[in-house]
Amino acid sequence: MSDHIMNTYGRLPVNFVRGEGCNLYDEQDQRYLDALTGIAVCGLGHAHPAVTQAICDQAAALVHTSNLYGIPNQAALADKLCQLSAMDAVFFANSGAEANEAAIKIARRFGHEKNIDIPTIIVANKSFHGRTLSTLSATGNTKVQAGFAPLVAGFMHVDYNNMDAIKQACDNNNNIVAIMVEPIQGEGGLVTPTDNYLQEIRQLCDKKNYLMILDEIQTGVCRTGKWFAGQHSGVTPDIMTLAKGLGNGFPIGACIAKGKAAEILIPGTHGSTFGGNPLACAAALATIKTMEEEELDKRALELGDYFQQGFKKSLAELIQRNIIIDIRGKGLMIGIELDRPCTELVKQALDNKLLINVTADSVVRLLPALITINAEADEIISIVSKLIHEFVNT
Ligand SMILES: *Cc1c(COP(=O)(O)O)cnc(C)c1O
């Protein structure tokens, strides 16, 4: 590894050079089973032939022009995303944080159009919205913010899953313009919404004329067993952001808006040189087409249940002893919460040729590919269960 890479990541001691489906191969051609998919990015697994073909064909034809001209792939992708989400208009960016930047800018301009001079967005504690200055300011985690003051103003943090806290924050505050949450908090420890939480946010936003913003950067694109996780609650937001799973590894972000929110940005108010370029949109179109053809939303839901049942069985004794506090998630966003910090499990899994992640210190997080077959799921369940048993019994 190079000394010339900025030290922003604590990296595991492995270099992957090749992938196929749920498998990654290191420089010695040793096989690893990937139950993390680059943090919910490669939903179709690695080197999916349809995405590879689309990238190669588009690269040979045209990589980049400019948003100064029409981009047919971008138009087709916008149409498709609006059809899937029942929303109206898309701004394309290159990452999740950038998609959220666009969402935040829309909310602020929406406020100014209502003569609100200091537009304020309600966000959640333990949320994660990105690493740029405004998105880290929106993020509900002081570790992400440490050292970067002064933070961007205009965010108000309240506890997730607490509707009273939101209502209290809105009372007597005429500056609120939007409520922004993740439909499942990924980095915050796989916190799922309580019954009706998202519906109640939707109702409040309708009543008060706020924008409801769902950060679906991790949950979107079939990951949780629906195209978008808000659909589990029957909720359509005013703004939804996507990124991770959208291009199966090719960088792309999208800020999708509906109704009044879709009309706010006009020429001169926002832009991106690379956003929505022909190559990125080709990768995303191929990703979506494959997911639709193979009905991977349904498969993710079914496979998620298979994982949860498998873990509940293989970890039954530790659940009984309250060492496993909870097994939760939706679809292929799976969390196993332990009663203790367990970040060591990541390295132990790597030693067993399995890629997993631990979030919020004590939650084992699995984000397997949507194309995972049951035999691979069995292997993941068996290794993770064995490692957790060893970990808590030593
Ligand atoms: C990963 C993530 C982001 C940031 O995406 P980047 O592409 O890393 O900028 C924002 N929100 C959520 C919920 C995420 O999981």
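As the structure lists them, so they are numbered: ligands from 1, and atoms in each ligand from 1.
- Only the backbone of His129 comes within contact range of ligand 1, with a heavy atom under 4.0 Å; no side-chain atom does.
- Applying the 4.0 Å criterion to heavy atoms of Asp215 picks out, from ligand 1, the atoms 10 (C), 11 (N), 12 (C), 13 (C).
- Using modelled atom types and a 3.5 Å distance limit, the side chains of Asp378 and Tyr306 yield a donor-acceptor pair.
- Closer than 4.0 Å to atom 7 (O) of ligand 1 lies at least one heavy atom of the protein.
- The Ala97 neighbourhood of ligand 1 comprises atoms 4 (C), 5 (O), 6 (P), 9 (O), with distances under 4.0 Å to a heavy atom of that residue.
- Counting the atoms of ligand 1 from 1 in the order shown, those under 4.0 Å from a heavy atom of Gln218 are 15 (O).
- Looking at Glu98 against ligand 1, nothing comes within 4.0 Å, counting heavy atoms.
- Ionic pairing of Asp88 and Lys260 is not present here: no N-O contact between side-chain nitrogen and carboxylate oxygen is shorter than 4.0 angstrom.
- Shown in contact with Gly96 at under 4.0 Å from a heavy atom are these atoms of ligand 1, numbered in order with element: 5 (O), 6 (P), 7 (O), 9 (O).
- Which parts of ligand 1 touch Lys244 is read off a 4.0 Å heavy-atom cut-off, strictly below it: atoms 1 (C), 2 (C), 3 (C), 14 (C), 15 (O).
- Using a 4.0 Å cut-off between charged side-chain N and carboxylate O, Asp171 and Lys167 make no salt bridge.
- A salt bridge is absent between Glu295 and Arg299; no separation between the charged side-chain nitrogens and carboxylate oxygens falls under 4.0 Å.
- Considering backbone and side-chain atoms together, Phe128 places an N or O closer than 3.5 Å to an N or O of ligand 1.
- Between His270 and Phe91, the ring planes lie tilted relative to each other; the angle falls in the 30° to 60° range.
- Close approach of ligand 1 to Glu182 is summarised as follows: ligand atoms under 4.0 Å from at least one heavy atom of the residue are 13 (C).
- A salt bridge is absent between Glu101 and Lys105: the closest approach of a Lys/Arg side-chain nitrogen to an acidic carboxylate oxygen does not fall below 4.0 angstrom.
- Salt-bridge annotation for Glu187 and Arg365: present, with a side-chain N of the basic residue lying under 4.0 Å from a carboxylate O of the acidic one.
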